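For reference, the structure discussed in these notes is given below.
Per chain, numbering begins at 1; letters A, B, ... match sequence-line order. As the structure is a prediction and not an experimental result, all values here were calculated from the model.
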2 protein chains.
Amino acid sequence: MTSSKKPNSTRRSTSVSLADVAERAGVSKMTASRALRGTTGYSAETRALVLKIAEEMGYVPNRLAAAFGSDTANNLVGICIPTLSRELYGQILEGLENRFSSVNYQPIVGVVGYDDEVELAWLNSALSWRPSGLVVAGRERSLANRTFLQSLTIPCVEIWNLCGGKDTMEKSDPMRVGFNHFDAGAEMGRYLANRYQGPFGYIGVRDEDVNLGAERLAGFTSALLECGIPAPGRKNKNNSPVTTTFLKDKASFYAGYYGTEQLLTANPDLRVLYYLDDNMAVGGMMLCQQKGLKIPGDVAIAGFGGMDIGAILPTRLTTTAAFRLRIGKTAADALLKKISGSPVGVLTDVGTELVRGETA
Amino acid sequence: MTSSKKPNSTRRSTSVSLADVAERAGVSKMTASRALRGTTGYSAETRALVLKIAEEMGYVPNRLAAAFGSDTANNLVGICIPTLSRELYGQILEGLENRFSSVNYQPIVGVVGYDDEVELAWLNSALSWRPSGLVVAGRERSLANRTFLQSLTIPCVEIWNLCGGKDTMEKSDPMRVGFNHFDAGAEMGRYLANRYQGPFGYIGVRDEDVNLGAERLAGFTSALLECGIPAPGRKNKNNSPVTTTFLKDKASFYAGYYGTEQLLTANPDLRVLYYLDDNMAVGGMMLCQQKGLKIPGDVAIAGFGGMDIGAILPTRLTTTAAFRLRIGKTAADALLKKISGSPVGVLTDVGTELVRGETA
DNA sequence: TTGGCTTGAGTTACCGGTAACGTTACGCCG
DNA sequence: CGGCGTAACGTTACCGGTAACTCAAGCCAA
């Protein structure tokens, strides 16, 4: 059944190989390969015969061998993201997967949290599969990790965060697809500063010592300053117009809930609250409702993300909509282009949209 | 720099290979391989030297070659899930990835929706990578797909749904890790039937012609019948005690919101509503609030999933908590055991927990 | 001293594809 | 009818590892 030129050779694998198909079809391995892949170099009859035999024999191509033997035919891509617990990355990943699978690329994914060493370990491990491209979540990272990404010889795209724009990038940095979080925060800051005098508070989370969404907060703060919002002064060491709190927790409804409670207890005068994301903002709303605080009368609330919970609340949440699925798809497209050698811009801004809800 | 026994041979790849390291270290490829992998058959000095050289030369192992050359060393696993938009599968996937990566297995993931043909295509494509195991989401599938899974020669585990239990399984079926959705629905049904007389309604969604969570609804319905809840009779073709509606939409807050509106408009007498998941249930709550309906006074509401939104609402949601992360981890463990040849039970029930909230 | 056992390290033969190149057959054209 | 271009197909040489086997050296006990 399994055949080989040397009859005494032992076959490790029991499955049907290209050689088996070729022999049974009475053609060479090469011809069979071409016929199965549908390139050129065979007659119609030959192709039909090979396909028929392959089907009959239950031939399953071995992409391991293909990728190994060619070093151009490897259609693996690595995708490295911090978490899947937030719906954020789930949707981005879905967008990525959709596009990649549509052109027969296989994603291998890693969920690495916010720890640089874990990320680096995963990247090394992923590279040993010789993927033809890499997708990583854009975030602040250690010099070692950044250097690692810069020294890659395969195309790489950073998603989610544009990290300050073109001028701050080095040539060797990966492409970026996402939006400018600083600007998104600033836009919300301006919007709120035009409507409220403050004082302003912010509730976010810290994961493995990194403050998530730090750039948005920076943009937010900067916009408030530009709009002439004064820093409260007292118990505000960095003299910022925003009183912040960072919970050591996952970004979740519940974190928003008790984070708001903590912040308001320590600073009962706060009148405008900005959150790391919509889920936390909704948690904050729930707390305010429970305490009998009117929104936005007593406390104005703004979130981030445009998650669909915000749209159905009795009072619609004011937020910044981010287009997660689109980021995934756009990033995948950009990477595929780069892999195929087409020119691609280093920065792709998919934008955001300020959603004027009723909570702020 | 790149070396080869035949000096005139052309190297396709430019990267450092095992042979390069071995030559520079003055040992054979095989010894270098063993030293790098840390098996046996080398002295401590040899190993240290090889590691040092590999480090110096920037050697990156080629797992493609390793997997190809060994057919036991392939530590790829395929993970096939319907969607990542619901946080449900995100958390399961995170659990899976955690466990797999901890033993250096690489997951390749596919997001295939609820279409049998798409799933089958993905499975075929994934198999061509010769993974050592497969994780698929447990759900109703076509005979073709079920047969395909049964004929696999590699270990496979179905997650999420125990699908009726041991007696309904065939020997060739994949292992299952999850919980019994019928029982979960039945438990909720009994709980509600003991507190309310009805009439009962259910709001779910249909994706590509499959009703998600159908087994839970079946269990729910069956429990109501057992508790003596009568079918309303009129406009209820299948004579069920539950008036159902299935939206052609994603399971989301918004779907729950307008689904509830539709159902209540058509059936204003409904007094107890059961939902596909917590998000939809919360959407329903929001609608009720907006219509001035008291919960649970006018309408009682129960969800499913134990998503954290339910825990922070002013009135805590009555629901069934499912342990998604644990399902992922348990499933990965089971698959790894099976791959390593250890005995594993065909069914692993991670259970659920009825959460007695304040909405029902 | 000898023989057996352990241990370190080399040798060889693949694994199942793809790329590159060589050869043959055949149609087209003048 | 000869020259030529191209389509069809065969051959061969890898790719970068791993498994199985072999062998030499070192060690210890008898």
Side-chain angles (χ1 to χ4, degrees), chain A residues 2-23 25-50 54 57 59-75 128-130, chain B residues 2-23 25-50 54 57 59-75 128-130:
Chain A
T2 63
S3 70
S4 189
K5 278 164 193 176
K6 312 190 179 174
N8 59 342
S9 81
T10 56
R11 280 282 291 268
R12 280 209 287 260
S13 160
T14 60
S15 65
V16 182
S17 80
L18 181 66
D20 297 330
V21 174
E23 192 191 11
V27 300
S28 74
K29 269 186 6 174
M30 194 53 219
T31 302
S33 169
R34 284 192 284 242
L36 286 166
R37 279 181 297 151
T39 59
T40 56
Y42 48 82
S43 62
E45 310 96 86
T46 307
R47 162 143 212 215
L49 177 64
V50 169
M57 300 179 77
Y59 169 71
V60 178
N62 186 335
R63 287 168 85 176
L64 233 35
F68 167 64
S70 80
D71 70 57
T72 60
N74 187 343
N75 40 13
S128 67
W129 287 107
R130 302 285 193 270
Chain B
T2 64
S3 69
S4 191
K5 277 164 194 176
K6 309 189 181 174
N8 59 342
S9 83
T10 56
R11 277 286 289 268
R12 281 207 288 258
S13 160
T14 60
S15 64
V16 182
S17 79
L18 180 68
D20 298 329
V21 175
E23 193 191 9
V27 298
S28 72
K29 270 189 357 176
M30 199 51 225
T31 301
S33 167
R34 284 190 285 241
L36 287 165
R37 280 180 297 151
T39 60
T40 57
Y42 49 80
S43 63
E45 310 94 88
T46 307
R47 163 147 208 206
L49 177 65
V50 170
M57 301 180 74
Y59 170 70
V60 178
N62 187 334
R63 288 166 86 176
L64 233 35
F68 169 64
S70 81
D71 73 55
T72 60
N74 186 343
N75 40 13
S128 67
W129 287 106
R130 302 285 192 268

Do [X] and [Y] make a side-chain contact, defined as non-hydrogen atoms from C-beta onward lying under 4.5 Å apart?
X	Y	answer
B/L36	B/Y59	yes
B/V60	B/V16	no
A/R63	A/N75	yes

Which of these nucleotides, [options], is closest to any side-chain atom of [X]?
X	options	value
B/F68	D/dT18, C/dG16, D/dG17	C/dG16
A/S17	D/dG16, C/dG17, D/dA19	C/dG17
B/R37	C/dG17, D/dA19, D/dG16	D/dA19

Looking only at heavy atoms, which two atoms of B/P61 and A/S128 are closest? And how far apart?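 B/P61 and A/S128 have their closest heavy atoms at O-CB, 3.1 Å.
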Considering just the side-chain nitrogens and oxygens of [X], establish if one lies under 4.0 Å of OP1 or OP2 belonging to [N].
X	N	answer
B/S43	C/dT7	no
A/Y42	D/dG10	no
B/T31	C/dG8	no
A/S33	C/dT18	yes
A/T46	D/dA8	no
A/S28	D/dG10	yes
B/R34	C/dT7	no

Using whole Å, what does the distance between atom [atom2] of nucleotide [N] and atom [atom1] of [X] come to?
X	N	atom1	atom2	answer
A/L36	C/dT18	CG	C1'	13 Å
A/N75	C/dG17	CG	P	15 Å
B/N74	D/dG17	CG	C1'	13 Å

Report the residue (B/A44 or B/A65) whose heavy-atom-nearest nucleotide on DNA chain C is the more 5′ of the two.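 By nearest-heavy-atom nucleotide position, the 5'-most residue is B/A44.
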Over all strands shown, is B/R47 touching base, sugar-phosphate only, or nothing at heavy-atom distances under 4.0 angstrom?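 B/R47: no heavy atom of the nucleic acid under 4.0 Å.
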Whether the side chain of B/K29 and the base of D/dG17 hold a donor-acceptor pair under 3.5 Å is what I'd like checked.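 Side chain to base: pair present.
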Run the numbers on B/T31 and B/R34 for side-chain contact (heavy atoms from CB on, under 4.5 Å), then give the verdict. CA-CA 5 Å; B/T31 301; B/R34 284 190 285 241; 4.0 Å; yes
